[in-house]
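One structure is given here, and the rest of the page talks about it.
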Amino acid sequence: MTLVKDSPPDAPEIRPEAPAAQKRRGRRENLAGYLFMSPWIAGFLLLTAGPMAASLYFAFTDYNLFNSPKWIGFDNFTKMFHDPRWQKSVEVTAKYVVIGTPLKLLLALGVALLLAQSRRGQAFYRAAFYAPSLIGASVSVGFVWRALFSDDAIVDRTQSFLGFHTGGWVGDPNWVLYSLVALTVWQFGAPMVIFLAGLKQVPKELYEAAEVDGAGPFRRFWNITLPMISPVLFFNVLLETIHSFQIFGSAYVVSNATCGPADATLVYTCYLYQKGFRESQMGFASAMAWMLLLAVALVTAVLFWSQKRWVHYEEDAR
């Protein structure tokens, strides 16, 4: 008796989708994607691209918020470069950026190095050091900071106790800007967290090999830690520099809305606000805003150009 094994049925033939059907399905998928993106697209056009285009037009007009804009060409920019207070705002902002940004990054890196070591209560310390970054930009903190650095306040009394009789920083044109620097340095939590994430990625084998070769703590930091976290360092330098150029709230509140005394806290955005909303010179303020954008873009381009010399990526080592 011969057993005959049944053969499996033939699989159904899969016919390729017609080109017209593929196009229809692709259009439906694209339409669904655009529908999901429509809230973001609408917000970008109405709240970002639209106002930017309008401010670019206003920068070349005489516009005071009450009358129709009048085209004047480059007069706003010419007037800006000959304005002593505009020059003062550029000087104050540059001084704030050059002093505040490095100090903030140095403190953030130092604390991150301490927190990268295994010890008890590490999660608590991370949260405690990060907390000022969450509340530092609030108006209430600005009022508290102004009270701390006023005459006969805690900072003034501490200085007097230590033998430094400088008085309150808020009322002294020579010291008030440093109170703003102290406020921005106090908010070192965000770059600290980024530094800490970068430090966690450094292989421990590199430190062990360097220690075997007799390298001390400073050489290990300079030859291993810094090169390995240089991409993170570059990111923090870029981000904090841009943030420093945009300082407004703390300067406005600490100076009691005067950007003083004697224009000592007249940062760029504070003068822009005065020209645009106090003096109703919206055309001049728009020109100032675009000059700030160009300045930040130039600084960003310089940083990206310089990174080839000191930033080491993992792909470059392969």
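For the numbers below, each heavy atom of this structure counts, side chains included, while hydrogens, waters and symmetry mates do not.
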Is there side-chain contact between Y271 and V92, with heavy atoms separated by less than 4.5 Å? no
Do V232 and Q201 have side chains that get closer than 4.5 Å, going by heavy atoms? no
Are the side chain of Q187 and the backbone N or O of L183 linked by a donor-acceptor pair below 3.5 Å? yes
Are L272 and F58 connected in the hydrophobic side-chain network, where two residues link if heavy atoms are under 4.5 Å apart? yes
Residue pair A285 / G276: nearest heavy atoms and the distance that separates them: CB-CA, 3.6 Å
Would you please classify the geometry between the F188 ring and the F129 ring as parallel, tilted or perpendicular, with 30° and 60° separating the classes? tilted
Non-hydrogen atoms of V185 and K104 that approach each other most closely: CG2-N, 3.9 Å
All N/O donor-acceptor pairs, side-chain side in residues 241-249, below 3.5 Å, sequence neighbours left out:
from: T241; atom 1: OG1; to: V237; atom 2: O; distance (Å): 2.6
from: S244; atom 1: OG; to: T101; atom 2: OG1; distance (Å): 2.8
from: S244; atom 1: OG; to: E240; atom 2: O; distance (Å): 2.9

Output all residues satisfying side chain to side chain donor-acceptor pair (under 3.5 Å) with D156, sequence neighbours left out; order by chain, then residue number. none
Check: D151 side chain, G167 main-chain N or O, donor-acceptor pair, under 3.5 Å: no
Beyond-backbone contact of R157 with D152, side-chain heavy atoms, under 4.5 angstrom: yes
Nearest heavy-atom contact between A153 and A147 is CB-O, 3.0 Å
Pairwise side-chain contact, W86 with Y268, heavy-atom cut-off 4.5 Å (strictly under): yes
For the residue pair E91 and K95, establish whether any side-chain heavy-atom pair is separated by less than 4.5 Å. no
Within a strict 4.5 Å, meaning less than it, do heavy atoms of the M288 and L292 side chains meet? no
Does a side-chain heavy-atom distance below 4.5 Å link Q87 with F81? no
Quick check for you: to the nearest 0.5 Å, what is the distance between Q307 atom CD and L303 atom CG? 9.0 Å
Taking all heavy atoms of S286 and all of S55, pick out the closest pair and write down the distance. CB-O, 3.3 Å
Is there a path of hydrophobic side-chain contacts, each under 4.5 Å between heavy atoms, that joins L114 and L233? no
Count the heavy atoms of every other residue, nucleotide or ligand shown that sit under 6.0 Å from NZ of K200, and state whether that count exceeds 12. yes
Between OG of S255 and CG of L177, what distance do you get to the nearest 0.5 Å? 11.0 Å
Side-chain donor/acceptor pairs under 3.5 Å, residues 202-216, sequence neighbours excluded:
from: Y207; atom 1: OH; to: T225; atom 2: OG1; distance (Å): 2.6

Write down the atom of S250, the atom of L180, and the distance for their closest heavy-atom approach. O-CD2, 3.7 Å
Hey, any chance V176 and V98 share a hydrophobic cluster, counting ILVMFWY side chains that come within less than 4.5 Å of each other, even indirectly? no
Might you work through the side-chain contact (heavy atoms from CB on, under 4.5 Å) test for M52 and W290, ending with a clear yes or no? CA-CA 9 Å; M52 286 184 66; W290 278 95; 4.0 Å; yes
For the pair N256 (side chain) and T258 (backbone), establish whether a donor and an acceptor sit closer than 3.5 Å, ignoring hydrogens and angles. no
If I take atom CZ from residue F218 and atom CG from residue N223, how far apart are they, to the nearest 0.5 angstrom? 8.5 Å
Nearest 0.5 Å, please: how far is OG1 in T184 from CG in L103? 9.5 Å
Provide the closest heavy-atom pair for A59 versus N76 in the form atom of the first, atom of the second, distance. O-ND2, 2.9 Å
Does D75 form a side-chain contact (heavy atoms from CB on, under 4.5 Å) with D62? I'd like the steps, not just the answer. CA-CA 9 Å; D75 287 357; D62 182 10; over 6 Å; no
Specify whether F77 and F74 have parallel, tilted or perpendicular ring planes, treating 30° as the upper limit for parallel and 60° as the lower limit for perpendicular. tilted
Any heavy-atom pair between the side chains of R85 and D263 that's under 4.5 Å? yes
Cluster question for you: counting only ILVMFWY and a side-chain heavy-atom cut-off of under 4.5 Å, with indirect links fine, are W222 and L199 together? yes
Following the transitive rule for hydrophobic clusters with a side-chain heavy-atom cut-off under 4.5 Å over Ile, Leu, Val, Met, Phe, Trp and Tyr, establish whether Y57 and L45 coincide in one cluster. no
How far does SG of C259 sit from NZ of K88, to the nearest 0.5 angstrom? 12.5 Å
Can you tell me if F221 has over 12 outside heavy atoms packed within less than 6.0 Å of its CZ? yes
Go through the steps to decide whether W145 and L148 satisfy the test side-chain contact (heavy atoms from CB on, under 4.5 Å), and finish with yes or no. CA-CA 5 Å; W145 211 258; L148 289 175; 4.2 Å; yes
Checking side-chain contact (heavy atoms from CB on, under 4.5 Å) for the pair N236/L109: CA distance, chi angles, key distance, verdict? CA-CA 10 Å; N236 272 334; L109 179 58; over 6 Å; no
State whether the side chain of S280 and the backbone N or O of L65 hold a donor-acceptor pair below 3.5 Å, judged by distance alone. no
Only one of I154, V155, V144 passes side chain to side chain contact (heavy atoms under 4.5 Å, CB included) with F149, and that residue is V155
Could you grab the distance from atom OH of Y178 to atom CD1 of I99, nearest 0.5 Å is fine? 4.5 Å
